[in-house]
Peer 1: 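Supplied in C-alpha cells, the structure appears directly below.
For reference, positions follow the sequence shown, starting with 1. Since the model is a prediction, treat every value here as computed from it, not as a measurement.
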Amino acid sequence: MENLMVASDADAGAAKMGRAEPMWLMPADFREPITDRMIEAGSRWAGIASFVVALGAIGFWLLG
C-alpha cells in the first residue's frame, strides 16, 4: 500500500510540473540561450562548408 501511495505522489508531482512549466513542449533550441544557439549554428555551417571543400578537393584530385 505504501508503494502505491509513493507512485501516486510521483505521478501527481509530474502532472503539477507539466502544468507549472510547459517548457518541455518547446524544442530544445528555444530553451537554450541565444549565444549557445549562435555557436551551434556557426559550428554547423563551418562543418558543412569544410565537408563541401573536402569533396571538391577530392573531386579535383581525382580529375587532375
Peer 1: When rounded to the nearest 0.5 angstrom, what is the spacing between CD1 in I34 and CD1 in I39?
Peer 2: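 Output value for this atom pair is 10.5 Å.
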Peer 1: Report the residue from I48, V53, L55 that forms a side chain to side chain contact (heavy atoms under 4.5 Å, CB included) with F51.
Peer 2: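 Filter result, single survivor: L55.
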Peer 1: Under a 3.5 Å distance rule, please check whether S50 uses its side chain to pair with a backbone N or O of A46 as donor and acceptor.
Peer 2: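 Between the backbone of A46 and the side chain of S50 there is a qualifying donor-acceptor contact (under 3.5 Å).
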